[in-house]
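Below: one structure, written as structure tokens.
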Amino acid sequence: MPTSSASTTDSAKSSSGGVQSLERAFDLLERMADAGGEVGLSELSASSGLPLPTIHRLMRTLVACGYVRQQPNRRYALGPRLIRLGESASRLLGTWARPYLARLVEETGETANMALLDGDEIVYVAQVPSKHSMRMFTEVGRRVLPHSTGVGKALLASVPDAEVRALLARTGMPAATEKTITTPDGFLAALAEVRELGYAVDDNEQEVGVRCLAVSVPDSPTAAAISISGPAGRVTEAATGKIVPVLQQVAVELSQALVTSGA
């Protein structure tokens, strides 16, 4: 009996039980994102190992759906329909994180935040405010540059130095306060300290009078960090020793919840 042609097409099931063409399409989208959002077919072929005709067929479908667009130079870029998906996913990730942020507030007394690295910027996706009358407030959806924030340091600590330098070259390093780090070498030194300590500090670098402690969320489906922020008079060096272990434990528990939920 002849073999069904469906078994040899991109719509065949993969060894993991999924649909192979879907797996390949999402893999290509992730490779495009890793490459900065714009690539050529030959680059995708080299990095994925897929033949050019297969990539071309998948990219045509993604272009037709609006998830990829073809540039005048024949290269392919991530498309605008992904923005809506990303924004919805970010909101959902923030919703999942809120109970963990609430626990941080209960145990530290300070405002708790969750932030993602979105392109070259930090975007805050969730916050639970402190119960103190004097407390920090960051609007959900707010975007800031990473060099002046604790969450930015926590998120970039695992990124190769060359990529960090390239990001800083694109964004610049404007001073938000007189304590903001404004040189690439200074920022890379701060990231080395984050890797050594296991947490990041924003010491009056984004806003005068405010200190922030942050850690990354390990194995998060997208680069994420959680933090607490409060007046420098409360988030002291002495308080740091008590707060950081709580931050680290909550980050681990949040990571496990995200993995279990398949987020």
Side-chain angles (χ1 to χ4, degrees), residues 29-40 43 47 71 73 75 77-78 82-83 86-87 90 93-94 113-127 136 138-229 232 235 240 244 247 251:
L29 290 173
E30 291 188 4
R31 290 178 187 278
M32 292 178 70
D34 290 342
E38 181 180 317
V39 295
E43 296 169 57
S47 66
Q71 306 284 65
N73 61 4
R75 290 167 66 82
L78 295 176
L82 289 172
I83 296 174
E87 289 176 343
S90 294
L93 192 60
N113 314 280
M114 184 178 190
L116 309 180
L117 182 62
D118 183 20
D120 291 344
E121 297 178 315
I122 298 299
V123 57
Y124 289 91
V125 296
Q127 181 180 84
M136 302 304 105
T138 298
E139 183 180 0
V140 171
R142 181 189 179 197
R143 292 175 175 270
V144 296
L145 297 181
H147 71 282
S148 61
T149 64
V151 285
K153 292 175 186 175
L155 287 166
L156 291 178
S158 61
V159 176
D161 284 0
E163 293 183 24
V164 174
R165 286 187 182 276
L167 182 152
L168 296 175
R170 292 190 296 268
T171 63
M173 301 183 70
T177 75
E178 62 179 16
K179 295 195 69 175
T180 305
I181 300 172
T182 57
T183 66
D185 287 343
F187 189 68
L188 290 175
L191 296 187
E193 186 175 11
V194 173
R195 291 190 289 270
E196 179 182 350
L197 296 175
Y199 66 94
V201 181
D202 159 13
D203 187 4
N204 294 268
E205 296 163 50
Q206 176 68 25
E207 188 174 344
V208 175
V210 177
R211 290 188 87 236
C212 174
L213 306 173
V215 299
S216 62
V217 178
D219 303 317
S220 173
T222 187
I226 58 174
S227 69
I228 65 91
S229 55
V235 186
T240 296
V244 167
L247 264 174

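Count residues from 1 along the sequence.
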Locate the shortest heavy-atom distance separating V194 from A154; write the atom from each residue and the value. CG1-CA, 4.4 Å
For a quick test of reading the model, state the closest non-hydrogen atom pair linking R211 to V235 and the distance between them. NH1-O, 2.6 Å
The single option from V159, L155, V164 that satisfies side-chain contact (heavy atoms from CB on, under 4.5 Å) with L191 is V164
Where is the tightest heavy-atom contact between L117 and L156, given as atom of each residue plus distance? CD2-CD2, 3.9 Å
Please report the interatomic distance OG(S220) to CG(L116), rounded to the nearest 0.5 Å. 7.0 Å
Between CD on residue E121 and OG1 on residue T171, distance to nearest 0.5 Å: 9.0 Å
Calculate, to the nearest 0.5 Å, the distance between atoms CD and CE belonging to Q127 and M114 respectively. 13.5 Å
Contact check, side chains of E43 and R31, non-hydrogen atoms, under 4.5 Å: no
Residue pairs involving residues 184-197 (criterion salt bridge (charged side-chain N to carboxylate O under 4.0 Å, His left out); sequence neighbours excluded): R165-D185
L167 to P146 - nearest heavy-atom pair and separation: CD2-CG, 3.8 Å
List the steps, then state whether side chain to side chain contact (heavy atoms under 4.5 Å, CB included) holds for L213 with V201. CA-CA 5 Å; L213 306 173; V201 181; 3.8 Å; yes
Quick one: do S148 and Q206 satisfy side chain to side chain donor-acceptor pair (under 3.5 Å)? Show the steps, please. CA-CA 5 Å; S148 61; Q206 176 68 25; 2.5 Å; yes
T180 side chain vs T182 backbone, donor-acceptor pair below 3.5 Å: no
From the list I228, L247, L197, V151, side-chain contact (heavy atoms from CB on, under 4.5 Å) partner of V215 resolves to L247
Hey, could you give me the OG1/CG distance between T183 and L168, rounded to the nearest 0.5 Å? 9.5 Å
At their closest point, which heavy atom of A190 faces which heavy atom of I181, and how far apart are they? CB-CD1, 3.8 Å
N113 versus S227, side-chain donor and acceptor atoms under 3.5 Å: yes
Which pairs pass side chain to side chain donor-acceptor pair (under 3.5 Å) with one or both residues in residues 153-164, sequence neighbours excluded? K153-E205
Heavy-atom side-chain proximity of H147 to P174 below 4.5 angstrom: yes
Are there over 12 heavy-atom neighbours, none belonging to Q71, within less than 6.0 Å of that residue's CD? yes
How far apart are the closest heavy atoms of A251 and V217, and which atoms are they? O-CG1, 3.8 Å
